[in-house]
Peer 1: 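I'd like to ask you about the structure that follows.
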There are 2 protein chains.
Amino acid sequence: MERILEADDGDEPTPRGGRIRARNKAHIIAAAEKVFAERGYDGATTAEIAEIAGLAKSNVHYYFGTKEAIYREVIAGIVDLWLRAFGDITANDDPAVAIPAYIRQKLLYSRKRPLASRIFATEIIRGAPILRPFLELELHDWVADKARVLERWAADGKMDPVAPHHFFFLIWAATQTYADFGTQVAAVLGRKRLKEEDFETAIETVTQIVMKGCGIRR
Amino acid sequence: MERILEADDGDEPTPRGGRIRARNKAHIIAAAEKVFAERGYDGATTAEIAEIAGLAKSNVHYYFGTKEAIYREVIAGIVDLWLRAFGDITANDDPAVAIPAYIRQKLLYSRKRPLASRIFATEIIRGAPILRPFLELELHDWVADKARVLERWAADGKMDPVAPHHFFFLIWAATQTYADFGTQVAAVLGRKRLKEEDFETAIETVTQIVMKGCGIRR
DNA sequence: AAAAACCCTGACCAGTTGGACAATTTTTCT
DNA sequence: AGAAAAATTGTCCAACTGGTCAGGGTTTTT
(Lines give C-alpha, C1' and ligand atoms only; values in the text may rest on other atoms or scores of the structure.)
Protein backbone atom coordinates (compact mmCIF):
# COMPACT_ATOMS: atom_id res chain seq x y z
CA MET A 1 0.00 0.00 0.00
CA GLU A 2 2.44 2.53 1.24
CA ARG A 3 4.80 1.58 -1.51
CA ILE A 4 2.24 2.44 -4.10
CA LEU A 5 0.80 5.60 -2.75
CA GLU A 6 3.42 7.32 -0.73
CA ALA A 7 5.29 9.96 -2.63
CA ASP A 8 8.57 8.59 -3.86
CA ASP A 9 10.88 8.23 -0.90
CA GLY A 10 13.54 9.99 -2.88
CA ASP A 11 11.93 13.18 -1.70
CA GLU A 12 13.09 12.57 1.78
CA PRO A 13 16.32 10.64 1.86
CA THR A 14 16.80 10.88 5.62
CA PRO A 15 13.49 10.80 7.49
CA ARG A 16 14.29 13.84 9.53
CA GLY A 17 12.95 13.87 13.05
CA GLY A 18 11.64 16.79 14.99
CA ARG A 19 8.53 17.67 16.89
CA ILE A 20 8.05 20.80 14.81
CA ARG A 21 8.22 18.88 11.60
CA ALA A 22 5.51 16.45 12.67
CA ARG A 23 3.24 19.21 13.92
CA ASN A 24 3.60 21.37 10.84
CA LYS A 25 3.14 18.52 8.44
CA ALA A 26 -0.01 17.58 10.28
CA HIS A 27 -1.31 21.14 10.06
CA ILE A 28 -0.55 21.26 6.37
CA ILE A 29 -2.30 17.96 5.69
CA ALA A 30 -5.34 19.02 7.68
CA ALA A 31 -5.51 22.33 5.85
CA ALA A 32 -4.96 20.64 2.52
CA GLU A 33 -7.79 18.20 3.19
CA LYS A 34 -10.12 21.12 3.64
CA VAL A 35 -8.94 23.01 0.60
CA PHE A 36 -8.81 20.02 -1.74
CA ALA A 37 -12.29 18.97 -0.63
CA GLU A 38 -13.76 22.41 -1.27
CA ARG A 39 -11.92 23.39 -4.39
CA GLY A 40 -10.74 20.22 -6.03
CA TYR A 41 -7.19 19.47 -7.01
CA ASP A 42 -6.79 22.21 -9.59
CA GLY A 43 -8.79 24.77 -7.67
CA ALA A 44 -6.71 24.35 -4.55
CA THR A 45 -3.81 26.75 -4.13
CA THR A 46 -0.76 26.24 -2.01
CA ALA A 47 -1.23 29.79 -0.77
CA GLU A 48 -4.63 28.97 0.74
CA ILE A 49 -3.36 25.75 2.25
CA ALA A 50 -0.52 27.70 3.83
CA GLU A 51 -2.84 30.34 5.18
CA ILE A 52 -5.18 27.84 6.80
CA ALA A 53 -2.23 25.92 8.17
CA GLY A 54 -0.92 29.16 9.63
CA LEU A 55 2.37 29.03 7.76
CA ALA A 56 4.08 31.00 5.06
CA LYS A 57 3.67 29.57 1.61
CA SER A 58 7.41 29.04 1.30
CA ASN A 59 7.34 27.04 4.48
CA VAL A 60 4.75 24.72 3.03
CA HIS A 61 7.06 24.13 0.10
CA TYR A 62 9.81 23.43 2.55
CA TYR A 63 7.91 20.41 3.85
CA PHE A 64 6.27 19.32 0.64
CA GLY A 65 8.14 19.99 -2.53
CA THR A 66 5.08 20.16 -4.72
CA LYS A 67 1.35 20.54 -4.52
CA GLU A 68 1.01 17.04 -5.88
CA ALA A 69 3.11 15.71 -3.01
CA ILE A 70 0.65 17.23 -0.55
CA TYR A 71 -2.24 15.74 -2.45
CA ARG A 72 -0.64 12.30 -2.53
CA GLU A 73 -0.16 12.35 1.20
CA VAL A 74 -3.75 13.41 1.79
CA ILE A 75 -4.92 10.57 -0.41
CA ALA A 76 -2.61 8.11 1.31
CA GLY A 77 -4.11 9.08 4.65
CA ILE A 78 -7.61 8.54 3.35
CA VAL A 79 -6.78 5.12 1.99
CA ASP A 80 -5.08 4.20 5.20
CA LEU A 81 -8.18 5.17 7.12
CA TRP A 82 -10.33 3.27 4.68
CA LEU A 83 -8.32 0.11 5.12
CA ARG A 84 -8.31 0.09 8.89
CA ALA A 85 -11.53 1.88 9.82
CA PHE A 86 -13.97 -0.86 8.94
CA GLY A 87 -14.17 -4.08 10.83
CA ASP A 88 -13.53 -7.14 8.78
CA ILE A 89 -16.25 -9.38 7.43
CA THR A 90 -15.66 -13.11 7.40
CA ALA A 91 -17.70 -16.18 6.53
CA ASN A 92 -17.91 -17.01 10.22
CA ASP A 93 -19.73 -13.82 11.00
CA ASP A 94 -23.47 -13.68 11.13
CA PRO A 95 -24.63 -11.41 8.31
CA ALA A 96 -27.44 -10.22 10.54
CA VAL A 97 -24.76 -8.63 12.68
CA ALA A 98 -21.90 -7.93 10.30
CA ILE A 99 -23.84 -6.13 7.57
CA PRO A 100 -25.71 -3.67 9.79
CA ALA A 101 -22.43 -2.96 11.59
CA TYR A 102 -20.70 -2.30 8.30
CA ILE A 103 -23.44 0.03 7.10
CA ARG A 104 -23.39 1.90 10.36
CA GLN A 105 -19.62 2.31 10.31
CA LYS A 106 -19.68 3.53 6.75
CA LEU A 107 -22.37 6.06 7.48
CA LEU A 108 -20.71 7.34 10.61
CA TYR A 109 -17.56 7.74 8.59
CA SER A 110 -19.51 9.93 6.19
CA ARG A 111 -20.57 11.99 9.14
CA LYS A 112 -17.21 12.26 10.85
CA ARG A 113 -14.96 12.60 7.84
CA PRO A 114 -16.96 14.13 5.02
CA LEU A 115 -13.93 15.91 3.62
CA ALA A 116 -12.02 12.69 3.19
CA SER A 117 -15.00 11.14 1.49
CA ARG A 118 -15.31 14.06 -0.91
CA ILE A 119 -11.67 14.04 -1.85
CA PHE A 120 -11.94 10.32 -2.51
CA ALA A 121 -14.97 10.97 -4.69
CA THR A 122 -13.42 13.71 -6.80
CA GLU A 123 -10.26 11.69 -7.20
CA ILE A 124 -12.27 8.85 -8.70
CA ILE A 125 -14.38 11.12 -10.86
CA ARG A 126 -11.15 12.57 -12.24
CA GLY A 127 -10.32 9.05 -13.38
CA ALA A 128 -8.36 8.06 -10.27
CA PRO A 129 -4.91 9.13 -11.54
CA ILE A 130 -3.44 8.54 -8.10
CA LEU A 131 -5.78 5.92 -6.69
CA ARG A 132 -5.91 3.56 -9.65
CA PRO A 133 -3.35 1.12 -8.22
CA PHE A 134 -5.25 0.97 -4.96
CA LEU A 135 -8.52 0.29 -6.74
CA GLU A 136 -7.07 -2.40 -8.97
CA LEU A 137 -5.09 -4.19 -6.29
CA GLU A 138 -6.16 -3.77 -2.68
CA LEU A 139 -9.77 -2.89 -3.25
CA HIS A 140 -10.25 -5.41 -6.04
CA ASP A 141 -8.89 -8.19 -3.86
CA TRP A 142 -10.82 -7.05 -0.82
CA VAL A 143 -14.09 -7.24 -2.74
CA ALA A 144 -13.14 -10.55 -4.31
CA ASP A 145 -12.63 -11.90 -0.82
CA LYS A 146 -15.92 -10.53 0.48
CA ALA A 147 -17.68 -11.85 -2.59
CA ARG A 148 -16.72 -15.33 -1.45
CA VAL A 149 -18.12 -14.59 1.99
CA LEU A 150 -21.45 -13.53 0.50
CA GLU A 151 -21.60 -16.63 -1.67
CA ARG A 152 -20.94 -18.76 1.36
CA TRP A 153 -23.73 -17.04 3.27
CA ALA A 154 -26.07 -17.54 0.34
CA ALA A 155 -25.14 -21.22 0.12
CA ASP A 156 -25.85 -21.56 3.82
CA GLY A 157 -29.26 -19.98 3.35
CA LYS A 158 -28.35 -17.00 5.46
CA MET A 159 -29.18 -14.58 2.68
CA ASP A 160 -30.45 -14.45 -0.88
CA PRO A 161 -28.01 -14.90 -3.69
CA VAL A 162 -27.04 -11.40 -4.77
CA ALA A 163 -24.39 -10.20 -7.22
CA PRO A 164 -21.79 -9.58 -4.54
CA HIS A 165 -19.82 -6.80 -6.19
CA HIS A 166 -22.93 -4.82 -6.87
CA PHE A 167 -24.05 -5.42 -3.32
CA PHE A 168 -21.02 -3.49 -2.13
CA PHE A 169 -21.40 -0.81 -4.78
CA LEU A 170 -24.87 -0.18 -3.45
CA ILE A 171 -23.78 0.04 0.16
CA TRP A 172 -20.83 2.28 -0.62
CA ALA A 173 -22.97 4.55 -2.74
CA ALA A 174 -25.84 4.72 -0.28
CA THR A 175 -23.55 5.58 2.61
CA GLN A 176 -21.09 7.90 0.91
CA THR A 177 -23.86 9.95 -0.59
CA TYR A 178 -24.42 11.48 2.84
CA ALA A 179 -20.93 12.94 2.72
CA ASP A 180 -20.36 13.58 -0.97
CA PHE A 181 -23.84 14.85 -1.71
CA GLY A 182 -24.44 16.27 1.74
CA THR A 183 -25.37 19.59 0.20
CA GLN A 184 -28.05 17.98 -1.93
CA VAL A 185 -29.37 15.84 0.90
CA ALA A 186 -29.61 18.85 3.19
CA ALA A 187 -31.33 20.97 0.55
CA VAL A 188 -33.90 18.28 -0.18
CA LEU A 189 -34.57 17.76 3.51
CA GLY A 190 -34.98 21.51 3.89
CA ARG A 191 -32.10 21.80 6.32
CA LYS A 192 -29.07 23.98 6.47
CA ARG A 193 -26.87 21.22 7.74
CA LEU A 194 -27.52 17.57 8.39
CA LYS A 195 -28.30 16.70 11.98
CA GLU A 196 -27.52 13.70 14.06
CA GLU A 197 -31.04 12.44 13.61
CA ASP A 198 -30.76 12.62 9.84
CA PHE A 199 -27.87 10.20 10.01
CA GLU A 200 -29.82 7.96 12.35
CA THR A 201 -32.72 7.86 9.95
CA ALA A 202 -30.32 7.20 7.12
CA ILE A 203 -28.75 4.29 8.97
CA GLU A 204 -32.16 2.81 9.74
CA THR A 205 -33.47 3.20 6.22
CA VAL A 206 -30.42 1.88 4.42
CA THR A 207 -30.09 -1.00 6.85
CA GLN A 208 -33.74 -1.90 6.61
CA ILE A 209 -33.81 -1.91 2.83
CA VAL A 210 -30.55 -3.76 2.39
CA MET A 211 -31.25 -6.41 5.03
CA LYS A 212 -34.76 -7.23 3.97
CA GLY A 213 -33.80 -6.76 0.32
CA CYS A 214 -31.18 -9.48 0.64
CA GLY A 215 -33.31 -11.75 2.76
CA ILE A 216 -31.12 -11.53 5.82
CA ARG A 217 -33.20 -12.39 8.87
CA ARG A 218 -32.41 -10.10 11.76
CA MET B 1 -36.07 26.81 -13.87
CA GLU B 2 -34.61 28.59 -16.84
CA ARG B 3 -34.98 31.84 -14.99
CA ILE B 4 -32.78 30.58 -12.24
CA LEU B 5 -30.11 28.77 -14.11
CA GLU B 6 -29.77 30.31 -17.50
CA ALA B 7 -27.01 32.83 -17.72
CA ASP B 8 -28.37 36.31 -17.37
CA ASP B 9 -30.14 37.20 -20.56
CA GLY B 10 -28.29 40.46 -20.59
CA ASP B 11 -25.48 38.54 -22.24
CA GLU B 12 -27.49 38.19 -25.33
CA PRO B 13 -29.88 41.05 -25.82
CA THR B 14 -31.00 39.97 -29.27
CA PRO B 15 -31.17 36.21 -29.65
CA ARG B 16 -29.13 36.20 -32.81
CA GLY B 17 -30.01 33.60 -35.33
CA GLY B 18 -27.68 31.72 -37.59
CA ARG B 19 -27.00 28.13 -38.40
CA ILE B 20 -23.31 28.60 -37.68
CA ARG B 21 -24.01 30.01 -34.24
CA ALA B 22 -26.13 27.06 -33.23
CA ARG B 23 -23.63 24.55 -34.52
CA ASN B 24 -20.64 26.19 -32.85
CA LYS B 25 -22.38 26.68 -29.54
CA ALA B 26 -23.32 23.03 -29.59
CA HIS B 27 -19.73 22.04 -30.27
CA ILE B 28 -18.50 24.23 -27.47
CA ILE B 29 -21.01 22.82 -25.00
CA ALA B 30 -20.16 19.27 -25.96
CA ALA B 31 -16.46 19.96 -25.60
CA ALA B 32 -17.01 21.78 -22.33
CA GLU B 33 -18.97 18.86 -20.93
CA LYS B 34 -16.02 16.62 -21.56
CA VAL B 35 -13.46 19.01 -20.12
CA PHE B 36 -15.46 19.99 -17.06
CA ALA B 37 -16.19 16.34 -16.30
CA GLU B 38 -12.55 15.35 -16.52
CA ARG B 39 -10.87 18.33 -14.94
CA GLY B 40 -13.46 20.00 -12.75
CA TYR B 41 -14.45 23.62 -12.96
CA ASP B 42 -11.12 25.12 -11.96
CA GLY B 43 -9.06 22.58 -13.84
CA ALA B 44 -10.88 23.18 -17.09
CA THR B 45 -9.31 25.70 -19.44
CA THR B 46 -11.04 27.59 -22.18
CA ALA B 47 -8.07 26.76 -24.39
CA GLU B 48 -8.74 23.03 -24.09
CA ILE B 49 -12.44 23.48 -24.63
CA ALA B 50 -11.68 25.48 -27.76
CA GLU B 51 -9.27 22.88 -29.04
CA ILE B 52 -11.71 20.01 -28.61
CA ALA B 53 -14.48 22.09 -30.14
CA GLY B 54 -12.18 22.77 -33.07
CA LEU B 55 -12.28 26.54 -32.69
CA ALA B 56 -9.88 29.30 -31.76
CA LYS B 57 -9.97 30.27 -28.13
CA SER B 58 -11.04 33.79 -29.04
CA ASN B 59 -13.92 32.34 -30.97
CA VAL B 60 -15.13 30.51 -27.90
CA HIS B 61 -15.10 33.82 -26.07
CA TYR B 62 -17.07 35.31 -28.90
CA TYR B 63 -19.96 32.96 -28.15
CA PHE B 64 -19.59 32.74 -24.40
CA GLY B 65 -18.23 35.77 -22.67
CA THR B 66 -16.79 33.87 -19.75
CA LYS B 67 -15.85 30.40 -18.67
CA GLU B 68 -18.55 30.57 -16.05
CA ALA B 69 -21.13 31.27 -18.73
CA ILE B 70 -20.13 28.07 -20.49
CA TYR B 71 -20.34 26.17 -17.25
CA ARG B 72 -23.75 27.57 -16.43
CA GLU B 73 -25.07 26.51 -19.79
CA VAL B 74 -23.66 23.03 -19.38
CA ILE B 75 -25.31 22.77 -15.96
CA ALA B 76 -28.59 24.13 -17.31
CA GLY B 77 -28.59 21.42 -19.96
CA ILE B 78 -28.03 18.76 -17.35
CA VAL B 79 -30.84 19.99 -15.15
CA ASP B 80 -33.10 20.23 -18.13
CA LEU B 81 -32.37 16.63 -18.99
CA TRP B 82 -32.87 15.61 -15.39
CA LEU B 83 -36.29 17.23 -15.26
CA ARG B 84 -37.63 15.72 -18.43
CA ALA B 85 -35.76 12.43 -18.73
CA PHE B 86 -37.52 10.53 -15.99
CA GLY B 87 -41.11 9.54 -16.19
CA ASP B 88 -43.31 10.87 -13.47
CA ILE B 89 -44.39 8.85 -10.46
CA THR B 90 -47.91 9.31 -9.15
CA ALA B 91 -50.06 7.73 -6.45
CA ASN B 92 -52.11 6.06 -9.15
CA ASP B 93 -49.13 4.14 -10.43
CA ASP B 94 -48.38 0.68 -9.26
CA PRO B 95 -45.08 0.79 -7.37
CA ALA B 96 -44.30 -2.65 -8.71
CA VAL B 97 -44.10 -1.02 -12.12
CA ALA B 98 -43.10 2.56 -11.43
CA ILE B 99 -40.12 1.91 -9.16
CA PRO B 100 -38.32 -0.62 -11.35
CA ALA B 101 -38.91 1.67 -14.32
CA TYR B 102 -37.42 4.59 -12.43
CA ILE B 103 -34.37 2.61 -11.37
CA ARG B 104 -33.84 1.39 -14.90
CA GLN B 105 -34.11 4.88 -16.36
CA LYS B 106 -31.69 6.28 -13.84
CA LEU B 107 -29.17 3.56 -14.49
CA LEU B 108 -29.41 3.86 -18.23
CA TYR B 109 -28.88 7.57 -17.82
CA SER B 110 -25.65 6.79 -15.97
CA ARG B 111 -24.64 4.68 -18.90
CA LYS B 112 -25.60 7.09 -21.65
CA ARG B 113 -24.59 10.36 -20.07
CA PRO B 114 -21.83 9.68 -17.57
CA LEU B 115 -20.21 13.05 -18.17
CA ALA B 116 -23.36 14.91 -17.24
CA SER B 117 -23.67 12.84 -14.11
CA ARG B 118 -20.08 13.55 -13.11
CA ILE B 119 -20.42 17.28 -13.63
CA PHE B 120 -23.55 17.22 -11.52
CA ALA B 121 -21.63 15.33 -8.84
CA THR B 122 -18.65 17.67 -8.71
CA GLU B 123 -20.94 20.66 -8.71
CA ILE B 124 -22.64 19.35 -5.59
CA ILE B 125 -19.41 18.34 -3.92
CA ARG B 126 -18.18 21.89 -4.49
CA GLY B 127 -21.14 23.03 -2.42
CA ALA B 128 -23.50 23.56 -5.35
CA PRO B 129 -22.71 27.24 -5.97
CA ILE B 130 -24.73 27.19 -9.18
CA LEU B 131 -27.21 24.43 -8.48
CA ARG B 132 -28.30 25.43 -4.99
CA PRO B 133 -31.50 27.16 -6.14
CA PHE B 134 -32.45 24.11 -8.15
CA LEU B 135 -31.85 21.81 -5.18
CA GLU B 136 -33.78 23.97 -2.76
CA LEU B 137 -36.72 24.67 -5.02
CA GLU B 138 -37.45 22.25 -7.84
CA LEU B 139 -35.79 19.20 -6.40
CA HIS B 140 -37.00 19.83 -2.88
CA ASP B 141 -40.59 20.12 -4.07
CA TRP B 142 -40.27 17.18 -6.40
CA VAL B 143 -39.19 14.94 -3.54
CA ALA B 144 -41.83 16.38 -1.21
CA ASP B 145 -44.41 15.41 -3.79
CA LYS B 146 -43.02 11.92 -4.25
CA ALA B 147 -42.83 11.51 -0.50
CA ARG B 148 -46.59 11.86 -0.42
CA VAL B 149 -46.90 9.21 -3.09
CA LEU B 150 -44.79 6.78 -1.08
CA GLU B 151 -46.82 7.46 2.04
CA ARG B 152 -50.01 6.79 0.10
CA TRP B 153 -48.61 3.51 -1.18
CA ALA B 154 -47.60 2.54 2.33
CA ALA B 155 -51.06 3.41 3.65
CA ASP B 156 -52.59 1.26 0.93
CA GLY B 157 -50.36 -1.62 1.92
CA LYS B 158 -48.54 -1.58 -1.40
CA MET B 159 -45.17 -1.19 0.28
CA ASP B 160 -43.53 -0.93 3.67
CA PRO B 161 -43.37 2.44 5.35
CA VAL B 162 -39.96 3.82 4.51
CA ALA B 163 -38.47 7.25 5.15
CA PRO B 164 -39.31 8.56 1.71
CA HIS B 165 -36.52 11.09 1.29
CA HIS B 166 -33.90 8.55 2.16
CA PHE B 167 -35.53 6.09 -0.18
CA PHE B 168 -34.72 8.44 -3.04
CA PHE B 169 -31.25 9.20 -1.75
CA LEU B 170 -30.54 5.51 -1.87
CA ILE B 171 -31.83 5.07 -5.40
CA TRP B 172 -30.02 8.13 -6.70
CA ALA B 173 -26.80 7.07 -5.05
CA ALA B 174 -27.02 3.46 -6.16
CA THR B 175 -27.66 4.42 -9.77
CA GLN B 176 -25.38 7.42 -10.15
CA THR B 177 -22.46 5.51 -8.71
CA TYR B 178 -22.18 3.66 -12.01
CA ALA B 179 -21.41 6.95 -13.73
CA ASP B 180 -19.61 8.96 -11.07
CA PHE B 181 -17.55 6.09 -9.73
CA GLY B 182 -17.40 4.20 -13.00
CA THR B 183 -13.64 4.04 -12.70
CA GLN B 184 -13.87 2.38 -9.31
CA VAL B 185 -16.61 -0.01 -10.35
CA ALA B 186 -14.63 -1.06 -13.40
CA ALA B 187 -11.44 -1.55 -11.41
CA VAL B 188 -13.18 -3.67 -8.80
CA LEU B 189 -14.87 -5.77 -11.46
CA GLY B 190 -11.49 -6.21 -13.12
CA ARG B 191 -12.60 -4.54 -16.32
CA LYS B 192 -11.20 -1.76 -18.40
CA ARG B 193 -14.59 -0.31 -19.15
CA LEU B 194 -18.04 -1.26 -18.01
CA LYS B 195 -19.97 -3.43 -20.41
CA GLU B 196 -23.62 -3.60 -21.26
CA GLU B 197 -23.98 -6.69 -19.09
CA ASP B 198 -22.51 -4.91 -16.08
CA PHE B 199 -25.29 -2.39 -16.31
CA GLU B 200 -27.84 -5.14 -16.69
CA THR B 201 -26.56 -6.85 -13.57
CA ALA B 202 -26.58 -3.53 -11.78
CA ILE B 203 -30.19 -2.91 -12.75
CA GLU B 204 -31.20 -6.36 -11.57
CA THR B 205 -29.36 -6.14 -8.29
CA VAL B 206 -30.47 -2.67 -7.34
CA THR B 207 -34.04 -3.40 -8.35
CA GLN B 208 -34.13 -6.67 -6.49
CA ILE B 209 -32.77 -5.23 -3.26
CA VAL B 210 -34.90 -2.10 -3.34
CA MET B 211 -38.14 -3.84 -4.24
CA LYS B 212 -37.88 -6.65 -1.75
CA GLY B 213 -36.33 -4.31 0.80
CA CYS B 214 -39.40 -2.09 0.68
CA GLY B 215 -41.84 -4.94 0.57
CA ILE B 216 -43.15 -4.16 -2.89
CA ARG B 217 -44.67 -7.29 -4.37
CA ARG B 218 -43.72 -7.65 -7.98
C1' DA C 1 -23.83 44.49 -55.71
C1' DA C 2 -23.33 46.65 -51.72
C1' DA C 3 -24.49 47.21 -47.18
C1' DA C 4 -25.40 45.11 -42.89
C1' DA C 5 -24.93 41.55 -39.81
C1' DC C 6 -22.30 38.06 -38.31
C1' DC C 7 -18.14 35.32 -37.64
C1' DC C 8 -13.15 34.60 -36.82
C1' DT C 9 -8.50 35.20 -35.09
C1' DG C 10 -3.64 36.75 -33.83
C1' DA C 11 -1.66 39.64 -30.74
C1' DC C 12 -1.78 41.24 -26.44
C1' DC C 13 -2.33 41.86 -21.32
C1' DA C 14 -2.98 41.82 -16.37
C1' DG C 15 -3.54 38.65 -12.71
C1' DT C 16 -2.51 34.35 -10.60
C1' DT C 17 0.06 30.25 -9.44
C1' DG C 18 3.52 26.82 -8.25
C1' DG C 19 7.86 26.81 -7.11
C1' DA C 20 13.05 28.33 -6.39
C1' DC C 21 16.33 30.48 -3.44
C1' DA C 22 19.29 32.97 -0.50
C1' DA C 23 19.37 35.03 3.75
C1' DT C 24 18.02 34.81 8.48
C1' DT C 25 16.29 32.94 12.79
C1' DT C 26 15.35 29.14 15.85
C1' DT C 27 16.17 24.62 17.70
C1' DT C 28 18.99 20.79 18.74
C1' DC C 29 23.14 18.52 19.71
C1' DT C 30 27.87 18.13 21.50
C1' DA D 1 28.53 28.13 24.75
C1' DG D 2 29.05 27.21 20.10
C1' DA D 3 28.44 24.62 16.06
C1' DA D 4 25.42 22.06 13.25
C1' DA D 5 20.88 21.08 11.76
C1' DA D 6 16.38 22.50 10.98
C1' DA D 7 12.90 25.90 10.27
C1' DT D 8 11.25 30.21 8.34
C1' DT D 9 10.32 33.84 5.17
C1' DG D 10 10.55 37.75 1.67
C1' DT D 11 11.54 38.13 -2.88
C1' DC D 12 11.52 36.77 -7.31
C1' DC D 13 10.07 34.52 -11.65
C1' DA D 14 8.52 31.78 -15.58
C1' DA D 15 4.40 29.67 -17.06
C1' DC D 16 -0.24 29.86 -17.62
C1' DT D 17 -5.05 31.63 -17.69
C1' DG D 18 -9.20 34.13 -18.67
C1' DG D 19 -10.35 37.65 -21.22
C1' DT D 20 -9.91 41.96 -24.59
C1' DC D 21 -9.67 44.06 -28.97
C1' DA D 22 -8.95 45.73 -33.45
C1' DG D 23 -8.93 44.30 -37.95
C1' DG D 24 -10.31 41.32 -41.53
C1' DG D 25 -13.21 37.70 -43.56
C1' DT D 26 -17.83 35.51 -44.71
C1' DT D 27 -22.74 35.17 -45.03
C1' DT D 28 -27.15 37.14 -45.36
C1' DT D 29 -30.23 40.60 -46.49
C1' DT D 30 -31.95 44.27 -49.18
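Owing to the predicted nature of the structure, the values given are computational and were not obtained by experimental measurement. Just so we're on the same page: letters track the sequence lines, and every chain starts at 1.
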Peer 1: Can you check whether A:Tyr62 has a side-chain N or O nearer than 4.0 Å to OP1 or OP2 of D:dA7?
Peer 2: yes
Peer 1: Over how many whole Å does the gap from B:Tyr63 atom OH to D:dG19 atom C1' extend?
Peer 2: 18 Å
Peer 1: Summarise how protein sits on nucleotides 12-30 of chain C as a single string, 5' to 3': B when a protein heavy atom is under 4.0 Å from the base, S for sugar-phosphate-only contact, - for no contact.
Peer 2: -----SBB-B-----SS--
Peer 1: Could you give the CZ-to-C1' distance, from B:Phe64 to D:dT20, as a whole number of Å?
Peer 2: 18 Å
Peer 1: For A:Arg21 and D:dA6, is the shortest distance between a side-chain N/O and OP1 or OP2 below 4.0 Å?
Peer 2: no
Peer 1: Pair up each side-chain donor or acceptor in residues 37-44 of chain A with any protein partner under 3.5 Å, not counting sequence neighbours, and list the distances.
Peer 2:
| from | atom 1 | to | atom 2 | distance (Å) |
| --- | --- | --- | --- | --- |
| A:Arg39 | NE | A:Glu48 | OE1 | 2.9 |
| A:Arg39 | NH2 | A:Glu48 | OE2 | 3.2 |

Peer 1: Who are the side chain to side chain contact (heavy atoms under 4.5 Å, CB included) partners of A:Arg23, not counting sequence neighbours?
Peer 2: A:Ile20, A:His27
Peer 1: What donor-acceptor contacts under 3.5 angstrom involve side-chain atoms of residues 200-210 of chain B, with partners at least two apart or in another chain?
Peer 2:
| from | atom 1 | to | atom 2 | distance (Å) |
| --- | --- | --- | --- | --- |
| B:Thr201 | OG1 | B:Glu197 | O | 2.9 |
| B:Thr205 | OG1 | B:Thr201 | O | 2.8 |
| B:Thr207 | OG1 | B:Ile203 | O | 2.5 |

Peer 1: Measure from CZ on A:Arg23 to P on D:dA6 and round the result to the nearest Å.
Peer 2: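 Spelled out: CZ on A:Arg23 to P on D:dA6 is 16 Å.
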Peer 1: How many Å lie between CZ on B:Arg39 and C1' on D:dT17, as a whole number?
Peer 2: 14 Å
Peer 1: Ring of A:Phe64, cation from A:Lys25 - is the NZ or CZ under 6.0 Å from the centre and inside 45° of the axis?
Peer 2: yes
Peer 1: Mind checking side chain to side chain contact (heavy atoms under 4.5 Å, CB included) for B:Ala26 and listing every partner two or more places apart, or none if nothing turns up?
Peer 2: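 Side chain to side chain contact (heavy atoms under 4.5 Å, CB included) check on B:Ala26 returns nothing, list empty.
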Peer 1: Throw together a table of side-chain donor-acceptor distances under 3.5 angstrom for residues 180-190 of chain B, partners on residues two or more places apart or in other chains.
Peer 2:
| from | atom 1 | to | atom 2 | distance (Å) |
| --- | --- | --- | --- | --- |
| B:Asp180 | OD1 | B:Ser117 | OG | 2.8 |
| B:Asp180 | OD2 | B:Gln176 | NE2 | 3.3 |

Peer 1: Does B:Asn24 make a side-chain N or O approach to OP1 or OP2 of C:dC8 shorter than 4.0 Å?
Peer 2: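 Affirmative; the distance criterion is met.
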Peer 1: Strictly below 4.0 Å: does A:Asn59 bring a side-chain N or O up to OP1 or OP2 of D:dA7?
Peer 2: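 Indeed not, no polar side-chain atom of A:Asn59 lies that close.
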Peer 1: What's the CG-C1' distance between B:Leu55 and D:dG19, to the nearest Å?
Peer 2: 17 Å
